[in-house]
Undergrad: 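Have a look at this one before I ask anything.
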Amino acid sequence: MTAPNDLPSLSRREFLALSATTAGLAALGLTACADNHVEIDVDAVTNADHSTDVLVIGGGMAGLFAAVKAHDAGAATLIVSKGRLGSSGLTPFAKGFFVFDPATEPGSIDDFVAAVSRSALGTNNPVYTRQLAEHSLERARELRQWGYFDQTLANRPFMRPIDERKIPLLERVVITHLIKEGGRIAGAAGFRLDAEATITIRAKSVILCTGAGGFKPSGFPVCDLTHDGTVIAYEIGAKVTGKEWNDGHSTRSNNPAACYDNWGDMFGRIPSTNGVEVHHDLGMDINYRAYVMGNPVEGGPGSAQPTKAVVGGPYVPEEFQRSGPPAGGPPGQKGGAPGGPPSGKGKGGAPGGPPPGFAASANVGGASAGMAIHKSEGLVPTNDRCASNIPGLYAAGDALGSHMAGGIYTQIGSSLAGSAVQGAIAGEAAAEYARSVTAPSISAARIAEVKNEILAPLRREAGYGPAWVTHTLQGVMIPNFVLYIKKASMMQAALAYVEELRDHHAPMLRAANMHELRLAFETRNMILSAEMKLRASLMRTESRCSHYRLDYPDVDDDNWRAWINIYRGNDGVMRLEKQPFDAWPEQA
Amino acid sequence: MKLTARTHAIIAALAVFIGLPLLFYALGHVPRRSVLKESISILTLLAFSMMLGQYFLARSNETLLSLFKPPQVQKVHKYIAYTAVCVILIHPFLVVLPRHFEAGVKPWDAFVTMLTTFDSLGILLGLTAWLLLLVLTTTAYFRGRLIPRFTQRYRGWRYFHGGLAVTFTVLALWHSIELGRHTDIAMSAFFVTLALIGFALLARHYWGAPAKKPRTDPVSAGASI
Amino acid sequence: MTIKSIHGCIGCKECVKSCPCDVIRMEHGKAVIAYPADCQICHLCRMYCPVDAIEMAPEKSIPVVLPWG
């Protein structure tokens, strides 16, 4: 049931507010269009060629298990990561790991899946919700064995199984391209941050463990994630889902970008496990309160409880309503943390009130702007083993739109556990697939073409600075009346901006060195993700879970018991289609 | 008057070897951390300053010998040396110790990372200096048994001990300037000046004016340089 | 300021590797704050540093875009 969504061209009248946001950018010292003073000899950039059975892209929780399980299933496995294993993406900051332990849980797995489905208003894929509960205990056991629950930093415990198995690892490599040959995955390409070199990797199977992404927002440690996996997979024809959902973390108005400080002692905590605790954590409600009543918002971390009730706003099922916002805690109190911060009370709970040295201050939202609910956005799974619609291409964790928790953060700690569980399943599935196919061949011409595309921003004699384009995109997408409190006119207005950036600025991004080259690709990816978010949000003409529209405030079960899939049409235009809840996508 | 001169000498020594490093520490533009971390920094700085002070608490310092009896100087030399050496030998552990009380890398992991950073000149210098200091201290402790084995007896030991001390000082100083958190220009210049004066005193003592015959039996009185 | 200062660097590169946003680079064997505008103030560099050489500040070096003010 494909329904390409042709959007009407917009009236730009409502743009004044958005324009005001971007007006101050000239003062940022972020030069917009200027000569590109390239610091390296682009023609001397070398290319390193690798080959493997299974290529794991990403070095977080999902990537770890994908690599370990693919290797243990007999596949030659290679990990490539933009950062360091266990020290990039959201993994380093997630401290709660959900475990369903039948020995201690009063309810059954069926009860758990049913509770998640009730809270998620049907948006969850129960197959993946169940899988999480079934495998979490075993994944936690392995992590414990590697020392993960003994200390704050994940790199050393993550390296243990990788070293033991001698799995090759390429760190600080930015992947910019997936390569498809003969209708199936053939490898990936990118470049090194620490050397003037591109990298091409031929692989029988690729697992995207690239995490989620945002618009490099302030106050949430997601600035290195820019939906890279989603975008490069979209470009070779993969279907993407869940872009209309919103993670709603807030931060403090004093030093809003200070992630570490604003999260209290959370980043310094040693990870721990927790049992069943199903919520309906919106994060949208504080945005709604700010939108309706203005700033400062009552009820921020460490501040007094709100006294005035606010009328309307996102729907919360009665079973999951709380009596007022919970007591102070880290800004992650609402909407769940990466991996879900434990709630304010109970084991592993965050301390109440602001962290030491921080006075209670007003709350501002958008800390994770651009990110959807964990596990709800990413590649559309075509089965219960993390496969995408591209043969040989798999995804796990936040790169897979498994809708494990639904379009709302439901089970505390499920994000981290879900990444581990899905990584392991994808690893085994990819290894099995790799056994069934021959090694792919990629022509020299194709490799040369990809290398040229990678280096293009370095070759531009003039162009737009990625920092400026990113800042402009933030000015368009971060205000709470665009992606949090949604309405058609404003989203269409924002879409006009985003299309401009997509068509005119993304092709003219410049880079003077490898760091800026990374920023250029990240910026390109964020622009495309912004377009996806706006189009999906426009298409879903109802409110449900973390998607809230002022012009369609009610849940519409007649028309919208469906997910939205996004794919690139043969004409290169972004297409959207509905996929009913509880159904797998139709395979071409 | 003798007592006053002695008091002056002691006050001057304390001012130079404790007062000045504390002053340069206080004037430095390095952000302050926890009490434990700052105490460890100060302790290490003072220990190094004291080690440099050993050049002045020796037979080479004729001014001092005119004020104090050699056995007194030797005794102080010995006690200060053993104390300072202990601090300097354990300072690599002290650097990582505070990690035990806070979130972050575990102390042992930090220690291994630190000691295996072989592409750092500062670390290589530090490792070598640490080993030299261990040899310097062990041989000083067992000097009674070692001195008879030198062909030139006490004179041979003196060259050995002094030579080792100078080599250690050069390496340790370089190491501290390379890596030290508090060794800014002022602190570095201070340490270098102390070291150069110390070396000059020693050189003059060894090769300058003809040495007087030892007034006491070196073995029974303990060693000095 | 983001990362405020690095004092007493031993050149082990732990911070360069563990920075998610590629803020720190090596120069003459020492870690330097190369791209402060990209710092997300997550403190991973500080927590991975074996000699505790890194000081952090809570201020971002470029203006931040917030959803409301």
Undergrad: Going by side chain to side chain contact (heavy atoms under 4.5 Å, CB included), name the residues that satisfy it together with B/L23, two or more places apart in sequence or in a different chain.
TA: B/L20, B/L27
Undergrad: Are there donor-acceptor atom pairs under 3.5 Å between chain C and chain B, and if so which?
TA:
residue: C/I10; atom: O; partner: B/S120; partner atom: OG; Å: 3.1
residue: C/K13; atom: NZ; partner: B/D119; partner atom: OD2; Å: 2.7
residue: C/K30; atom: NZ; partner: B/E178; partner atom: O; Å: 2.4
residue: C/R46; atom: O; partner: B/R99; partner atom: NH2; Å: 2.6
residue: C/M47; atom: O; partner: B/V105; partner atom: N; Å: 2.8
residue: C/C49; atom: O; partner: B/R99; partner atom: NH2; Å: 2.7
residue: C/D52; atom: O; partner: B/R33; partner atom: NH1; Å: 3.2
residue: C/D52; atom: OD2; partner: B/K37; partner atom: NZ; Å: 2.6
residue: C/E55; atom: OE2; partner: B/R181; partner atom: NH2; Å: 3.0

Undergrad: Using non-hydrogen atoms and a 4.5 Å limit, figure out which bit of B/I123 sits close to chain C: side chain, backbone, both or neither.
TA: side chain
Undergrad: Under a 4.5 Å heavy-atom cut-off, does chain B meet the side chain of C/C9, its backbone, both or neither?
TA: backbone
Undergrad: Heavy-atom pairs under 4.5 Å with chain C are the metric here; pick the option from B/P107, B/P92, B/P31, B/G180 that has the most.
TA: B/P31
Undergrad: B/L46: what forms a side chain to side chain contact (heavy atoms under 4.5 Å, CB included) with it, not counting sequence neighbours?
TA: B/I18, B/P21, B/L22, B/I42
Undergrad: Please list, chain by chain and in numerical order, all residues satisfying salt bridge (charged side-chain N to carboxylate O under 4.0 Å, His left out) with C/D38, sequence neighbours excluded.
TA: none
